[in-house]
There are 2 protein chains.
Amino acid sequence: MVTVPHSPASARPTITRKDVARLAGVSTAVVSYVVNGGPKRVSPVTAAKVREAISALGYRPNAAARALKLGSSEMLGMVVPDTTNPFFATLARAVEEAAAARGYALLLANSGGSAANERRQVRNLASRRVDGVFLSSVLFEPDLTELEHSEIPAVLLNHSTEVPGFNSVGVELLEGSRRAVEHLVGHGHRNIALVMGMNAGNDLDAREVGWQQGLAEAGLPEGPILRCDFDRQGGYRAGQRLVAAADRPTAVFVSSDLQAVGLLRAVSEAGLRVPEDLAVFSFDGSAEAEFSWPPLSTVAQPVQAMAEAAVEALIGFDGLSPTRNRIFPVDLVLRASCGCAPVPLPVLAAPAGQ
Amino acid sequence: MVTVPHSPASARPTITRKDVARLAGVSTAVVSYVVNGGPKRVSPVTAAKVREAISALGYRPNAAARALKLGSSEMLGMVVPDTTNPFFATLARAVEEAAAARGYALLLANSGGSAANERRQVRNLASRRVDGVFLSSVLFEPDLTELEHSEIPAVLLNHSTEVPGFNSVGVELLEGSRRAVEHLVGHGHRNIALVMGMNAGNDLDAREVGWQQGLAEAGLPEGPILRCDFDRQGGYRAGQRLVAAADRPTAVFVSSDLQAVGLLRAVSEAGLRVPEDLAVFSFDGSAEAEFSWPPLSTVAQPVQAMAEAAVEALIGFDGLSPTRNRIFPVDLVLRASCGCAPVPLPVLAAPAGQ
DNA sequence: GTGAAAGCGCTAACAG
DNA sequence: CTGTTAGCGCTTTCAC
């Protein structure tokens, strides 16, 4: 079926502050005062008249004009590798909310994890005059030149190392991983593999170092290392290689929940059981991890707090005060995949009646 | 550690078109012409001078000013219930890309699925002067009044019924569900349950009707109906109720992949096997479905195409031509959960060498 | 408590 | 081919 659309283009021309002023019998300045609650006071009765005119006319302030005048778009930009990745989706959502709470909208952009795209997206955001940018790069050394000579404040979100001149917020990647390995050791494992996502860059991911340290502290040799993409497919492939390994490890630490989910599938297909034949511990603490089978033990990142801190850092950025690297502690969430919880967790225990 | 930030606020004041004009020794108009490639032609040598001045100064056009002048922000808005839901994440990502390809940025907003929030977000987007909005509501009757009397073109995305005055794009909810049930019947099932998400509204979801029809066509009675939230937790709870049912069904059709993932966990916990003890067919075709255990048979929505069509409809909207409801066909993706594929799918079969 | 007016940076007539 | 200029709608200083 086909219908005639609402509100044809031929409708009323845009209503401006001026129309409101005329209808309310005041000046445009007064309209501004009541809309913005300042900077001058307005007598209650005039204010009421203005408000009435506003709703009678269905007036909406024009954000572009406001942005032009104020030199601020009241928008923040965020570039992430992939909003489809649950971890980044959750992070972006948290940032969006924290930003909204302060009156800022969030312009989200996917980089697909390539430096070139990152640069392009940053440039695009810059030209849209966002008031600041969150950069969640997957690269060790994101290309910051674009950010450096735009006047735009930026914070590196999900970045756990120091970058001179930039605020950043991250988590204890190394310590979290170390503790996860330590935990697996506590379950009696002595051959613990690592499934590690690949970053474009040649530094060692701190998660890898954490795994090494955990092993070293326990006096254990390093198990096999499997490198793969940071996604389900990558984890799946790594899992296939892992179960086929000659001296099959009895446990594995995986660098992200997403990869662990893929790995779990490969393990199931091979007819092995988790955690009996292979214990699994992953990283992130996303919702995926809670509903996989078995549920994944994982190192949980405090996404909410990180988002909050990032927004705080970005909005409060004066361009002068010293730059900081906020590192958040992580939590071990123990579920069945490492051998801890054989049964459903309390949170989920009781089915709703009926 | 703490470092002194880059680009202190005391840096150069914003560079405008005027600075460029001065440096290039031309008028501001000429700068505009070369930046926008029109509307007038500029001699190659002047153009070169201008471009040089632009990069020498690091000039960036001010989008706010442009938006004000043009009456277009070159931004589109999208409100979805939850970007954290993989289906909407994927949809939003596809829309973002389709929009970007046409020079539009996407302002994303979460409504949490409540009508009040939807309205608030639409209003917010409207005040930011987006050139159009995609509304992906989970409600049967989204509150469109806000859209109706803003002048903003809108398309209802993920909406499969006709709404006078609005363009909309959706999928064959009913037909897809019917075929899923038909498929389960083909596997020999005679007691097929329904796990159905709850919408705020009192119309029947077309998926429910499709399930009914599938059953009716096979001359089968309706199995139990379990209603729950549209998330993993909801599916989990429904699954718990389902496995505890007196006359336990041998198959179930689930209204979304996310719910099915939750259900799968409940089934596993109960010690039942899928598909032997309970066959499962779900709806959406998201990535989650491919990596659950067992992999889910699901009714796949053509997300890419839908996004493309939605952007097309929104940008090409002239406010006059008649409004359309574009309904896309769906595909049955057959995997292990319904009893079809006992082994890994070809797509995933070969592990990368090594 | 209210109003007039000067721009914010850009585009696109219109005039040369 | 190039330049001048009038606004787009809003905020805010300064005068009343």
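Letters go in sequence order (proteins before strands), and every chain restarts at 1. Keep in mind the model is a prediction, meaning the values are calculated, not measured.
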Among residues at least two apart in sequence or on other chains, which ones pass side-chain contact (heavy atoms from CB on, under 4.5 Å) with A/Ala48?
none
Taking side-chain contact (heavy atoms from CB on, under 4.5 Å) as the test, write out the residues that go with B/Leu107, two or more places apart.
A/Met75, A/Ala105, A/Leu107, B/Met75, B/Leu125, B/Arg128, B/Val130
Bend angle of the helix from C/dG1-D/dC16 to C/dG16-D/dC1, from helix axes over five pairs at each end, nearest 10°:
40°
Side-chain atoms of residues 303-313 of chain A: list all donor-acceptor pairs with protein atoms under 3.5 Å, sequence neighbours left out, distances to 0.1 Å.
from	atom 1	to	atom 2	distance (Å)
A/Glu308	OE2	A/Arg102	NH1	3.3
A/Glu308	OE2	A/Arg102	NH2	3.4
A/Glu312	OE1	A/Arg102	NH2	2.5

Filter on salt bridge (Lys or Arg N to Asp or Glu O under 4.0 Å), then keep only pairs touching residues 43-58 of chain B, sequence neighbours left out; what's left?
none
Residue list, side chain to side chain donor-acceptor pair (under 3.5 Å) with [X], at least two apart or on another chain:
{"X": "A/Ser72", "answer": "A/Asp131"}
{"X": "A/Ser32", "answer": "none"}
{"X": "A/Ser127", "answer": "none"}

Tell me which residues in residues 23-36 of chain A lie within less than 4.0 Å of DNA chain D, going by non-hydrogen atoms.
A/Ala29, A/Ser32, A/Tyr33, A/Asn36
Check whether any side-chain N or O of A/Ser114 sits under 3.5 Å from a backbone N or O of A/Asn117 as a donor-acceptor pair, and report yes or no.
yes
Will you find, in the side chains of A/Glu162 and A/Ser168, an N or O donor that is under 3.5 Å from an N or O acceptor?
no
Start with the C-alpha gap between B/Phe134 and B/Leu156, add the side-chain angles, then the distance that decides, and say whether side chain to side chain contact (heavy atoms under 4.5 Å, CB included) holds.
CA-CA 6 Å; B/Phe134 302 100; B/Leu156 307 179; over 6 Å; no
Can you give the first and last nucleotides of DNA chain D, 5' to 3', that have an atom under 4.0 Å from a heavy atom of chain A?
D/dG9 to D/dA15
Contacts under 3.5 angstrom, residues 76-83 of chain B side chains, donor-acceptor by atom type, not counting sequence neighbours:
from	atom 1	to	atom 2	distance (Å)
B/Asp82	OD1	A/Arg93	NE	2.9
B/Asp82	OD1	B/Thr84	N	2.9
B/Thr83	OG1	B/Asn110	OD1	3.0
B/Thr83	OG1	B/Asn110	ND2	3.1

Does a side-chain heavy-atom distance below 4.5 Å link B/Asn167 with B/Leu314?
no
Between the protein and nucleotides 7-9 of chain C, are there any N/O to N/O pairs under 3.5 Å, and if so, what are the atom names and distances?
from	atom 1	to	atom 2	distance (Å)
C/dG7	N2	A/Lys69	NZ	2.8
C/dG7	N3	A/Lys69	NZ	3.1
C/dG9	N2	B/Ala65	O	3.4

